[in-house]
Amino acid sequence: MRILSSEVREHIGEAVHVEGWLHKKRLLGGLTFINVRDRRGLTQVVLQDKDEVEKLRGLQIGTVLAVEGTVKEEPRAPGGAELHDAKITVLVPVTDEPPIEIDKPLSHKPENLDTLFDNRVIGLRNLQEQTIFKVQAKVLEAAREYFIQNGFTEMNTPKLLAGATEGGAEVFKLDYFGKEATLAQSAQFYKQMMVGVFERVFETNPTYRAEPSATTRHMTEYITIDAEMGFIEFDDLLTFTSGLINHVADRVWEAYGDELKKWNVEKPVLTPNFPRLTMAEVHALYAKANKDDYSAEDDLRPDEERWICEYAKKELGSEAVFVTDWPASSMKFYHRKKADNPELADRSDLLFRGVEIATAPMREHRYEVLVQQLKDLAHGDPEHPGFKPYLSAFKYGLPPHGGFGMGLERLTEKLLNLGNVKEATLFPRDINRLGP
RNA sequence: GGGCUCGUAGUGAAGAGGCCUAUCACGCCUCCCUGUCACGGAGGAGAUCGCCGGUUCGAAUCCGGUCGGGCCCGCCA
């Protein structure tokens with residue numbers, strides 16, 4: 001029966017059977033070490049029989065092997081145990097050299113992203129690359145756990161839509177049996193409508209933006225962790241979001257802390273409830289410490305976002321920070337103006353390690369006000385089939401509510417201190433790439 | 001969409017008119033090595049320098065075009 005690399009240590013003195021991929025060969029003359037990779041990691045196998053070593057001649061990293069051997073406790077071996085007197089069976093021989101190196105020395109510079117993505121299937125066999133996606137899976141698992149603990153219902157809303165009504169980003173258009181359809185740019189309307197059913201909902205699904213953006217933080221397809229909750233106020237929303245990120249970071253480091261230490265990834269420093277700064281405060285702090293002053297602008301410059309995160313880490317003890325009090329002039333029609341200052345919106349952006357990872361606003365839940373904002377801000381027709389069902393949810397009763405859309409890949413990227421959101425995407429899609 | 005940059009063995013880089021018959025590191029092949037740790041040592045194979053055209057006695061190197069990347073900005077998650 002096959003055992004996994006992580007179980008080898010429990011079988012000291014026993015004959016065991018492992019299967020996996022040839023990950024590394026080290027020939028030391030009379031002694032050969034090989035590493036066999038399986039889903040849990042590596043098993044070290046010691047070969048002294050020349051005939052066994054000879055079976056691997058001409059075979060490349062990636063060859064699929066079965067190994068029978070006796071587990072020996074050995075402090076010099078990684079993990080404290082290794083296989084001796086091993087008999088190797090080649091299950092799938094690989095004779096072609098892999099297009100990119102799998103087990104690279106630390107001195108090896110990373111591939112250009114284009115090369116990396118062209119050879120994604122092979123490159124992911126690198127342990128460090130794998131860790132990115134094990135972490136991402138854990139992020140999703142931990143987020144789901146947190147939502148469910150807090151009374152959310154998971155849902156899945158359509159990504160094929162009749163037309164673009166939300167406004168803002170460019171949308172992809174496609175032929176739908178002779179009619180024009182679009183790909184969803186967010187779950188915005190659906191999650192608000194579902195507040196009227198479940199109070200608290202979330203989903204983790206792809207979303208599509210036809211923006212011709214070529215930056216380290218944009219893709220045309222990405223996963224959004226979308227949540228919406230009713231019967232809350234702005235403060236509740238920010239507290240909840242802080243709790244989510246903390247929970248995710250805790251779970252990820254519980255599961256992969258040792259591994260991440262090897263790659264020199266530090267657990268983020270976070271306060272239980274993230275610090276909050278108004279946009280005006282960010283502009284002012286930035287202007288005071290830097291040459292440029294962007295106080296006149298109704299948005300943050302990317303450089304301000306990076307700088308304020310450094311500031312928050314040093315001065316406020318948190319690598320995540322909320323920026324609040326956004327100008328109402330640039331808000332979406334479904335956002336809510338502040339009750340005590342209609343010039344500002346009840347909106348926040350969550351900045352983490354220099355990048356915006358989420359937008360968390362309160363929504364306008366009063367039917368009459370919303371219809372007016374739709375007309376004024378979006379020049380939309382309330383009778384349009386794209387708006388009518390949405391508005392009916394309000395007409396027939398929606399409580400005060402708010403929520404957020406959080407980029408899964410951006411969150412993963414920043415948790416791991418990667419340089420590009422695409423590195424945190426298995427098969428990234430951007431303006432230039434549609435495969436593999 | 002705007003700006004700035006870069007295309008050289010399988011991978012990552014150096015070379016910036018003749019020292020190039022193109023250099024280095026990793027990988028690959030052969031050999032040596034009994035405790036490696038993303039081992040070490042010796043030797044070897046592998047590149048019509050993205051493509052097309054031009055300038056020149058001579059182009060990886062200069063110019064024009066073309067194709068493909070990267071980064072920044074705008075916009076956003």
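Residue numbers begin at 1 in each chain, while the letters A, B, ... track the order of the sequences. From a predicted model like this one, the values you see are computed outputs, not experimental measurements.
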Trainee: When you get a sec, tell me which of B:G27, B:U34, B:A77 is the closest nucleotide to the side chain of A:E356?
Mentor: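 Selected nucleotide: B:A77.
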
Trainee: Once salt bridge (Lys or Arg N to Asp or Glu O under 4.0 Å) is applied, do any residues pair with A:R120, and if so which ones, sequence neighbours excluded?
Mentor: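 Partners of A:R120 under the salt bridge (Lys or Arg N to Asp or Glu O under 4.0 Å) test: A:E129.
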
Trainee: Examine A:Y146 together with A:F202 and report whether their ring centres are nearer than 6.0 Å.
Mentor: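 No.
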
Trainee: Within a strict 4.5 Å, meaning less than it, do heavy atoms of the A:T220 and A:R209 side chains meet?
Mentor: no

Trainee: For RNA chain B, which residues in residues 43-51 of chain A have a heavy atom at a distance below 4.0 Å?
Mentor: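 Close to the strand are A:Q44, A:Q48.
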
Trainee: For the side chain of A:N420, starting at C-beta, report the closest nucleotide among B:C71, B:C73, B:A77.
Mentor: B:C71

Trainee: Which nucleotide sits closest to the side chain of A:E101: B:G1, B:U36, B:G27?
Mentor: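 Out of B:G1, B:U36, B:G27, the nucleotide with an atom closest to A:E101's side chain is B:G27.
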
Trainee: Do A:K332 and A:S330 have side-chain N/O donor and acceptor atoms under 3.5 Å apart?
Mentor: no

Trainee: Are side-chain N/O atoms of A:E259 and A:T131 paired as donor and acceptor at under 3.5 Å?
Mentor: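 A pair is found: one side chain offers a donor N or O, the other an acceptor, under 3.5 Å apart.
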
Trainee: Of the nucleotides B:G35, B:U36, B:G69, which has the atom closest to the A:D114 side chain?
Mentor: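 So the side chain of A:D114 is nearest to B:G69.
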
Trainee: Would you say the side chains of A:Y294 and A:D303 form a donor-acceptor pair under 3.5 Å?
Mentor: no

Trainee: Check whether A:Y334 forms a cation-pi arrangement with A:R363 (NZ or CZ under 6.0 Å from the six-membered ring centre, at most 45° off the ring normal).
Mentor: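 Relative to the ring axis of A:Y334, which defines the angle, A:R363 lies outside at least one limit.
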
Trainee: In whole angstroms, how far is the P atom of B:U11 from the CG atom of A:L116?
Mentor: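 The distance from CG of A:L116 to P of B:U11 comes to 12 Å, rounded to the nearest Å.
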
Trainee: Listed in order of residue number, which residues of residues 421-434 of chain A have a non-hydrogen atom at under 4.0 Å from RNA chain B?
Mentor: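 Close to the strand are A:N432.
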
Trainee: Without decimals, in angstroms, what is the distance between A:D96 CG and B:U11 P?
Mentor: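 In whole Å, B:U11 P and A:D96 CG are 15 Å from each other.
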
Trainee: Determine whether any donor atom in the side chain of A:E82 lies under 3.5 Å from an acceptor atom in the base of B:G35, or the reverse, and answer yes or no.
Mentor: yes

Trainee: Dump the pairs, protein N or O against N or O of nucleotides 39-44 of chain B, anything under 3.5 Å, distances to one decimal.
Mentor:
{"residue": "B:C39", "atom": "OP1", "partner": "A:K24", "partner atom": "NZ", "Å": "2.9"}
{"residue": "B:C39", "atom": "OP2", "partner": "A:R26", "partner atom": "NE", "Å": "2.3"}
{"residue": "B:C39", "atom": "OP2", "partner": "A:R26", "partner atom": "NH2", "Å": "2.1"}
{"residue": "B:C39", "atom": "O5'", "partner": "A:R26", "partner atom": "NE", "Å": "3.3"}
{"residue": "B:C39", "atom": "N4", "partner": "A:L27", "partner atom": "O", "Å": "2.6"}

Trainee: Expressed as a whole number of angstroms, how long is the span from A:E409:CD to B:C76:C1'?
Mentor: 14 Å

Trainee: Per the side chain to side chain contact (heavy atoms under 4.5 Å, CB included) rule, which among A:D349, A:L300, A:L350, A:V323 passes with A:E356?
Mentor: A:D349

Trainee: Where the side chain of A:K25 meets the backbone of A:L56, is there a donor-acceptor pair that is under 3.5 Å apart?
Mentor: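 Yes, the answer is positive, given that a donor and an acceptor are paired below the 3.5 Å cut-off.
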
Trainee: Among the nucleotides B:C72, B:G68, B:C76, which one has an atom lying closest to any side-chain atom of A:R306?
Mentor: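 The closest nucleotide is B:C72.
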
Trainee: Classify the side chain of A:T215 and the base of B:G74 as holding, or not holding, a donor-acceptor pair under 3.5 Å.
Mentor: no

Trainee: From B:G35, B:U11, B:C75, pick the nucleotide closest to the side chain of A:A77?
Mentor: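 The answer is B:G35.
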
Trainee: Can you check whether A:F322 and A:F352 have ring centres sitting under 6.0 Å from each other?
Mentor: no

Trainee: Got a sec, which residues hit salt bridge (Lys or Arg N to Asp or Glu O under 4.0 Å) with A:D114, two or more places apart in sequence or on another chain?
Mentor: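 So A:D114 forms a salt bridge (Lys or Arg N to Asp or Glu O under 4.0 Å) with A:R433.
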
Trainee: In whole Å, I'd like the distance from the CZ atom of A:R120 to the P atom of B:U11.
Mentor: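 Computing the A:R120:CZ to B:U11:P distance gives 17 Å.
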
Trainee: Which part of the nucleic acid, if any, lies within reach of A:N112 when heavy atoms closer than 4.0 Å are counted: base, sugar-phosphate only, or nothing?
Mentor: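 The residue A:N112 makes sugar-phosphate contact but no base contact.
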
Trainee: Any base atoms under 4.0 Å from A:P99, or only sugar-phosphate, or nothing? Heavy atoms, all strands.
Mentor: sugar-phosphate

Trainee: So if I take every side-chain heavy atom of A:T216 and compare against B:G1, B:C72, B:C75, which nucleotide ends up nearest?
Mentor: B:C72

Trainee: Kindly say whether, by distance alone, the side chain of A:R410 makes a donor-acceptor pair under 3.5 Å with the base of B:C76?
Mentor: yes

Trainee: Quick one: side chains of residues 68-75 of chain A, donor-acceptor pairs under 3.5 Å with protein atoms, not counting sequence neighbours, listed by atom name and distance.
Mentor:
{"residue": "A:E68", "atom": "OE2", "partner": "A:H17", "partner atom": "ND1", "Å": "2.7"}
{"residue": "A:E74", "atom": "OE1", "partner": "A:R76", "partner atom": "NH2", "Å": "3.3"}
{"residue": "A:E74", "atom": "OE2", "partner": "A:R76", "partner atom": "N", "Å": "3.0"}
{"residue": "A:E74", "atom": "OE2", "partner": "A:R76", "partner atom": "NE", "Å": "2.9"}

Trainee: A:L127: which residues meet the side chain to side chain contact (heavy atoms under 4.5 Å, CB included) condition with it, sequence neighbours left out?
Mentor: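 For A:L127 the side chain to side chain contact (heavy atoms under 4.5 Å, CB included) partners, ignoring immediate neighbours, are A:H23, A:R37, A:L42, A:Q130, A:W263.
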
Trainee: Report the base-pairing partner of B:U56 (Watson-Crick or G-U wobble, both distances below 3.5 angstrom), or none.
Mentor: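 The answer is none; no pair meets the criterion.
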
Trainee: Does anything in residues 2-16 of chain A reach RNA chain B, meaning a heavy atom under 4.0 Å, and if so which residues?
Mentor: none

Trainee: Under the side chain to side chain contact (heavy atoms under 4.5 Å, CB included) test, which residues partner A:D96, sequence neighbours left out?
Mentor: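 In terms of side chain to side chain contact (heavy atoms under 4.5 Å, CB included), with neighbours along the sequence ignored, A:D96 is linked to no residue.
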
Trainee: Is A:R217 touching bases, backbone alone, or none of the nucleic acid, heavy atoms closer than 4.0 Å?
Mentor: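 Touches a base.
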
Trainee: What is the distance, to the nearest angstrom, from the CG atom on A:D298 to the P atom on B:C76?
Mentor: 10 Å

Trainee: Only counting residues at least two apart or in another chain, list the ones meeting salt bridge (Lys or Arg N to Asp or Glu O under 4.0 Å) with A:R336.
Mentor: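 Counting only residues at least two positions away or on another chain, A:R336 forms a salt bridge (Lys or Arg N to Asp or Glu O under 4.0 Å) with A:E233, A:D346.
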
Trainee: How many Å lie between CD on A:Q185 and P on B:C76, as a whole number?
Mentor: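 Roughly 11 Å, once rounded to whole Å.
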
Trainee: Donor-acceptor pair, distance only, cut-off 3.5 Å: does the side chain of A:K191 make one with the backbone of A:S186?
Mentor: no

Trainee: Judged by atom type as modelled, is there a donor-acceptor pair below 3.5 Å linking the side chain of A:R200 to the main-chain atoms of A:N150?
Mentor: yes

Trainee: Who is the Watson-Crick or G-U wobble partner of B:G1, with both distances under 3.5 Å?
Mentor: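 Its partner is B:C73.
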
Trainee: Near RNA chain B, under 4.0 Å by heavy atom, which residues of residues 219-226 of chain A?
Mentor: A:M219, A:Y222

Trainee: Could you state the CG-C1' distance from A:L22 to B:C28, rounded to the nearest angstrom?
Mentor: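 Computing the A:L22:CG to B:C28:C1' distance gives 14 Å.
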
Trainee: Quick one: look up who B:C24 pairs with, Watson-Crick or G-U, both distances under 3.5 Å, and put none if it's unpaired.
Mentor: B:G12

Trainee: Take the protein atom CG of A:D118 and the nucleotide atom P of B:U11, then report the distance between them rounded to whole Å.
Mentor: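 Atom-to-atom, A:D118 to B:U11, this comes out as 10 Å.
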
Trainee: Between A:T115 and B:U11, does any side-chain N or O lie under 4.0 Å from OP1 or OP2?
Mentor: no

Trainee: What residues from residues 52-62 of chain A pass a heavy-atom cutoff of under 4.0 Å to RNA chain B?
Mentor: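 Those residues whose heavy atoms fall under 4.0 Å from RNA chain B, taken from residues 52-62 of chain A in numerical order, are A:R57, A:Q60.
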
